[in-house]
Amino acid sequence: MTRATVITVSDGVSAGVREDLSGDALEGMLTDAGFIVGRLVVPDEQDRIADAIRSAAGSSALVLTTGGTGFGPRDVTPEATASVIEREAGGLVHLMLARGLESTPMAALSRARAGSVGSALVVNLPGSPRGATESLAAIMDLMPHVLDLLAGHTEHHSGEPRSGG
């Protein structure tokens, strides 16, 4: 089974004054997909977010953040993510945006990032339960292939298309 970590970025959740609905929803989706899921909660502080991503990437194949991707003054998850990812995965962000725009024009306000840290994939998701789950659903079918590639399973078999990269 593949390990995933959900990092909830929220001052309110970290202070215990708000329920972690997005983290709960993402954990449920990942568990249903066969992942072993760990959870972390950090406040909207760039250094704490970056440290949590680095830590989770050391033990998980997939690291999802939820929250802190908007335009609020404390929304710094994309900046924290950019400071630690080694290779961008912009196509995943574009796919999430395209799917989100099918539901709401508010999806255009997301500043998500995605990329690799070592052999882990890191993806920023919105802080709302609906936005987080719709974004993850948009890329979930790609996860087995992406995680295989990041794990070093890059051999090609005759008749199969080569990965784009």
Side-chain angles (χ1 to χ4, degrees), residues 1-16 18-31 33-97 109-129 131-133 135-140 142-154 163 165:
M1 292 181 105
T2 305
R3 183 159 174 72
T5 299
V6 175
I7 302 171
T8 299
V9 179
S10 168
D11 289 333
V13 174
S14 69
R18 181 187 287 156
E19 199 174 341
D20 187 5
L21 300 176
S22 295
D24 292 344
L26 292 170
E27 180 179 8
M29 282 183 71
L30 290 168
T31 300
F35 286 85
I36 298 168
V37 182
R39 300 274 295 269
L40 295 171
V41 177
V42 296
D44 292 280
E45 296 174 13
Q46 191 167 334
D47 291 343
R48 299 273 306 270
I49 299 164
D51 289 345
I53 292 170
R54 275 191 218 93
S55 175
S59 61
S60 295
L62 177 61
V63 178
L64 302 176
T65 68
T66 178
T69 62
F71 282 98
R74 292 191 51 79
D75 290 335
V76 295
T77 302
E79 289 77 17
T81 302
S83 76
V84 299
I85 59 175
E86 297 155 3
R87 293 183 296 160
E88 295 266 353
L92 296 177
V93 174
H94 291 298
L95 182 56
M96 292 187 303
L97 175 60
L109 300 179
S110 178
R111 301 181 312 111
R113 296 274 184 144
S116 62
V117 175
S119 60
L121 177 65
V122 178
V123 180
N124 298 155
L125 302 171
S128 74
T133 56
S135 294
L136 180 56
I139 62 171
M140 189 62 103
L142 300 173
M143 285 305 104
H145 185 61
V146 171
L147 298 179
D148 275 350
L149 290 171
L150 285 171
H153 305 277
T154 59
S163 66

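Computed over heavy atoms, backbone and side chain alike; hydrogens, waters and symmetry mates excluded.
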Residues V9, Q46; criterion side chain to side chain contact (heavy atoms under 4.5 Å, CB included); working and verdict: CA-CA 10 Å; V9 179; Q46 191 167 334; over 6 Å; no
Full working for side chain to side chain contact (heavy atoms under 4.5 Å, CB included) between V84 and V122: CA-CA 10 Å; V84 299; V122 178; 5.9 Å; no
Criterion side-chain hydrogen bond (donor to acceptor under 3.5 Å, both in side chains) on T69 and N124, from CA distance to verdict: CA-CA 7 Å; T69 62; N124 298 155; over 6 Å; no
Worked check of side chain to side chain contact (heavy atoms under 4.5 Å, CB included) between L147 and F35: CA-CA 12 Å; L147 298 179; F35 286 85; 3.8 Å; yes
Working for side chain to side chain contact (heavy atoms under 4.5 Å, CB included), residues L142 and L95: CA-CA 11 Å; L142 300 173; L95 182 56; 3.8 Å; yes
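In this structure, the side chain of S14 engages the main chain of D11 through a donor-acceptor pair within 3.5 Å. Side chain of T65 to main chain of I7: no donor-acceptor pair is present (N/O by atom type, distance under 3.5 Å, no hydrogens or angles). Looking only at distances, a side-chain donor or acceptor of S128 sits under 3.5 Å from a matching main-chain atom of G131. Although no hydrogens or angles enter the test, the distance criterion places a donor-acceptor pair under 3.5 Å between the side chain of T66 and the main chain of P126.
Listed by chain and number, the residues in a salt bridge (Lys or Arg N to Asp or Glu O under 4.0 Å) with R48 amount to none (sequence neighbours excluded). By the side chain to side chain contact (heavy atoms under 4.5 Å, CB included) test, A114 is found to be paired with A89, L92, V93, V123, residues two or more places apart in sequence or in another chain being considered. Looking at residues two or more places apart in sequence or on another chain, you find a salt bridge (Lys or Arg N to Asp or Glu O under 4.0 Å) between D24 and R39. Residues that satisfy the side chain to side chain contact (heavy atoms under 4.5 Å, CB included) test with D148, not counting sequence neighbours, are H153.
At least one side-chain heavy atom of L30 sits less than 4.5 Å from a side-chain heavy atom of L64. With contacts defined as side-chain heavy-atom distances shorter than 4.5 Å, the pair V63/V117 does not qualify.
Counting only residues at least two apart or in different chains, salt bridge (charged side-chain N to carboxylate O under 4.0 Å, His left out) contacts with residues 53-72 comprise D51-R54. Listed by first and then second residue, the salt bridge (charged side-chain N to carboxylate O under 4.0 Å, His left out) pairs that reach into residues 80-96 are E88-R113, sequence neighbours excluded.
Nearest heavy-atom pair, I49 versus P43, reported as atom, atom and distance to 0.1 Å: CG1-O, 3.8 Å. Listed here is the closest heavy atom pair of L109 and F71: O-CE1, 3.3 Å. Smallest separation of non-hydrogen atoms from M96 and S135: CG-O, 3.4 Å. In terms of heavy-atom proximity, A56 sits nearest to L40 at CB-CD1, 4.4 Å. Contact record, T8 with G23: OG1-CA, 3.8 Å, taken as the closest heavy-atom pair. Across all non-hydrogen atoms, the minimal contact from V76 to P73 is CG1-O, 4.5 Å.
For D75 and R111, the salt-bridge test fails: no basic side-chain N is under 4.0 Å from an acidic carboxylate O.
Taking OG of S10 as the reference point, atom CG of L21 lies at 10.0 Å (rounded to 0.5 Å). One distance of note links CG of D20 with OG of S22; it measures 7.0 Å at 0.5 Å rounding. Put simply, CG on L136 and CG on L62 are 7.5 Å apart, with the number rounded to the nearest 0.5 Å. In this structure, I85 CD1 and L121 CG are separated by 9.5 Å, a value rounded to the nearest 0.5 Å.
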